[in-house]
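What follows is a short report on a single structure.
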Amino acid sequence: MLNLLVLAQVAGFSISTLYQYFPSKEAILLAMVERERNRVQQQLRELLDEAVAEQRDVRSVLRDMVRLLVTAFGIGGHSKLWRGMVRLGWRIDHHDRVTAALREGAERNALALARLIEVGDTSVCPPSPAMMFVATRAIMGTIRSAALEDSPLLGQPAFEDELVRMLWGLLRADAPDQAGESSMDTSARPPSPG
């Protein structure tokens, strides 16, 4: 567990200053988590805005997004202290805060990806709300699990490759037809009861 002195050093303030503004160590850590989440969301916005302006390749943009998310919310940079902070942040972060951040990020990222696809790779489907829900929860859930397990896969290219491959597969999937059924081969589906 992090002691207050270490937490104050990471936050860049003295212990007495922190206690003037926060009632507990958990409140300090939650504020730091929120600040980091806001910083990363700003970086994602900038990355996507630049990608649209430069008409970058969708897959390379996905890779940059995954790398940013893994670095911020998985490995927490290169220091053991920050890795510990990331794990602790995942343990104590409140579900409603995480859900709100995922929802906000998914909506903003969907709009930017749709613009990127519109000006670039037309073989990729613009993300639907369902796709973005699945994608954000799958990516962040995987990063969260790897961080909490202190997985040696974090920071490995193969880990990021698999996350990008999953996202690419979602974007490249066949669009549902008018009846809501996927136009993919349905022969492997079990027969309907009745």
Side-chain angles (χ1 to χ4, degrees), residues 11 27 29-77 82-83 85-148 154-155 157 159-176 180 182:
L29 188 58
L30 285 172
M32 291 173 70
V33 167
E34 187 67 24
R35 184 176 70 181
E36 179 66 6
R37 191 172 17 239
N38 290 336
R39 185 190 67 78
V40 171
Q41 286 178 343
Q42 179 61 36
Q43 284 184 310
L44 279 172
R45 276 191 295 275
E46 291 168 6
L47 184 149
L48 289 168
D49 288 345
E50 288 174 14
V52 170
E54 297 169 5
Q55 297 183 3
R56 286 187 51 207
D57 171 63
V58 174
R59 193 167 188 148
S60 70
V61 174
L62 294 177
R63 178 164 301 286
D64 289 347
M65 291 173 70
V66 164
R67 185 167 294 123
L68 175 61
L69 292 170
V70 169
T71 300
F73 301 119
I75 60 176
W82 274 106
R83 278 188 189 213
M85 295 278 294
V86 166
R87 278 195 308 280
L88 186 57
W90 279 120
R91 282 189 196 109
I92 68 164
D93 204 2
H94 302 286
H95 181 72
D96 56 333
R97 292 173 126 179
V98 173
T99 303
L102 287 173
R103 188 174 26 255
E104 178 186 330
E107 292 167 1
R108 187 177 42 259
N109 294 346
L111 292 171
L113 283 172
R115 287 192 341 243
L116 187 61
I117 290 165
E118 185 179 290
V119 299
D121 188 350
T122 57
S123 69
V124 182
C125 300
S128 69
M131 180 273 199
M132 288 305 291
F133 181 92
V134 169
T136 54
R137 276 48 173 202
I139 294 293
M140 293 310 292
T142 301
I143 293 169
R144 178 184 187 273
S145 293
L148 288 173
L154 279 171
F159 182 74
E160 291 178 10
D161 290 346
E162 289 305 316
L163 292 173
V164 171
R165 196 164 68 92
M166 180 191 63
L167 286 173
W168 187 246
L170 286 169
L171 284 171
R172 304 252 334 162
D174 290 339
S182 172

Distance col, row L69:CG vs L44:CG, nearest 0.5 angstrom, shows 5.0 Å
What is the distance from atom CZ of R45 to atom CG of L111, rounded to the nearest 0.5 Å? 12.5 Å
Could you walk me through whether D49 and R115 pass the salt bridge (Lys or Arg N to Asp or Glu O under 4.0 Å) test, one step at a time? CA-CA 9 Å; D49 288 345; R115 287 192 341 243; 3.4 Å; yes
Can you tell me how far the CG atom of D64 sits from the CD atom of E160, to the nearest 0.5 Å? 9.5 Å
Heavy atoms only: give me the nearest M132-A106 pair and the separation to one decimal. CE-O, 3.5 Å
So, taking the atom named CD in E162 and the one named CE in M166, what distance separates them when rounded to the nearest 0.5 Å? 10.0 Å
Please find the pair of heavy atoms, one from L116 and one from R56, that lie closest to each other, and give the distance. CD1-O, 3.5 Å
Less than 4.0 Å between a side-chain N and a carboxylate O, is that true for E34 and R37? yes
Of all heavy-atom pairs linking I117 and P126, the shortest is CD1-CA, 3.9 Å
Determine the minimum heavy-atom distance between V40 and A72, stating which atoms define it. CG2-CB, 3.3 Å
Do the side chains of L170 and P127 get nearer than 4.5 Å, heavy atoms only? no
Criterion side chain to side chain donor-acceptor pair (under 3.5 Å) against R39, the qualifying member of Q41, Q43, Q42: Q43
For the atom pair CG (N38) and CD (E104), what is the distance rounded to the nearest 0.5 Å? 7.5 Å
Report yes if the side chains of L171 and L167 come closer than 4.5 Å at any heavy-atom pair, otherwise no. no
Separation between CG (L113) and CZ (R108), nearest 0.5 Å, reads 12.0 Å
Within the distance-only criterion (no hydrogens, no angle test), does the side chain of W90 pair as donor or acceptor with the backbone N or O of F73 below 3.5 angstrom? yes
side-chain contact (heavy atoms from CB on, under 4.5 Å) between I143 and L163, intermediate numbers included: CA-CA 9 Å; I143 293 169; L163 292 173; 4.2 Å; yes
Over all atoms of both residues, closest heavy-atom pair of R137 and R103: NH2-N, 4.3 Å
Could you please spell out the steps behind the side-chain contact (heavy atoms from CB on, under 4.5 Å) verdict for V164 and M65? CA-CA 9 Å; V164 171; M65 291 173 70; over 6 Å; no
So, for G74 and L154, which heavy atoms are closest and what is the spacing to 0.1 Å? O-CD1, 3.6 Å
